[in-house]
Every structure is written in C-alpha cells, then in structure tokens.
Amino acid sequence: MALTPGQRRLRARLAAHARWAKTVDRTAATAAARAGIIARFEREVDPEGVLNPKIRARLAENARRQFLAQIAMKSVEARRRKAAERRAAESAPSDVAQDGDV
C-alpha cells in the first residue's frame, strides 16, 4: 500500500519523536552529524587541505554562516510569496454563489 505524502510525513514525525524520547544525551547522538557538516565546509573552503587548521576552521565557520543566511533569505522570500498569493486569492472575486445569492 503506497502512502500519501502526508502519511509519510506523519510516520516520519512519529519515528523522530520516538527516537528522541529514548535519547538521553542528544549532544552525543548528533556529534557525528555536526562533525560531518564541519568537514563539508572545511573541504569547501580548502579542497587541497593546505591551510593552517585554525584558518581553515575560521573560513569554514564563515561558509557555514553564509549557507545558513542563504537558507534564511530563501525562507523569507517563500513566506512573502505565499502571503502575497493568499492575499490575491482572498481579494479575487469568487464564482461560487454566496448564501442568499440566486
């Protein structure tokens, strides 16, 4: 039986809650993911691995902040666009008869 996208989201949400309900040390549970994302940005700023580790770390932190700022900007743009679409839909004349209309 194929699940709808909404059912898949609900199933994933339930699984995430179940997992975190059993996790005492969240920092340790996410350590590998944090190390992986740091390594990603370090490879991005220093593909050959020739920079001083302190400089590489500083550049990687700036690359991470830039990435997060881009995501935030896209989120703002998407919310703005959706709000404009909602306003346009609300102000558009409706072809559906209202109560009392004939």
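What you are looking at is a predicted structure, and each value in this text was computed from that prediction instead of being measured.
A donor-acceptor pair under 3.5 Å is absent between the side-chain atoms of Thr23 and the main chain of Arg26, judged by distance alone. With hydrogens and angles disregarded, no donor-acceptor distance shorter than 3.5 Å links the side chain of Asp46 to the backbone of Arg56.
With rounding to the nearest 0.5 Å, the separation of CD1 in Ile55 from CG in Leu59 is 7.5 Å. The distance from the CZ atom of Arg11 to the OG1 atom of Thr4 is 10.5 Å, given to the nearest 0.5 Å. To the nearest 0.5 Å, atom CZ of residue Arg81 and atom NZ of residue Lys74 are 11.0 Å apart.
Contact between Ala2 and Gln7 at its shortest, heavy atoms only, is O-OE1, 4.4 Å. Nearest heavy-atom pair, Ala60 versus Val45, reported as atom, atom and distance to 0.1 Å: N-CG2, 3.9 Å. In plain terms, the two heavy atoms of Thr27 and Arg34 that are nearest each other are O-NH2, 3.1 Å.
Every residue meeting the salt bridge (Lys or Arg N to Asp or Glu O under 4.0 Å) condition with Glu61, not counting sequence neighbours, appears here in chain and number order: Arg64, Arg65.
Annotation: side chain of Glu42 is not in contact with side chain of Leu51 (no heavy-atom distance under 4.5 Å).
Surrounding CZ of Arg80 are at most 12 heavy atoms belonging to other residues, nucleotides or ligands under 6.0 Å away.
Hydrophobic clustering, defined by side-chain heavy atoms of Ile, Leu, Val, Met, Phe, Trp and Tyr closer than 4.5 Å, leaves Val76 isolated from every other such residue.
Note on residues 9-46: pairs passing ring-ring contact (aromatic ring centres under 6.0 Å, His included), not counting sequence neighbours, are Phe41-Phe67.
The cluster map of Ile, Leu, Val, Met, Phe, Trp and Tyr, joined by side-chain heavy atoms under 4.5 Å apart, puts Ile37 and Ile71 in the same cluster.
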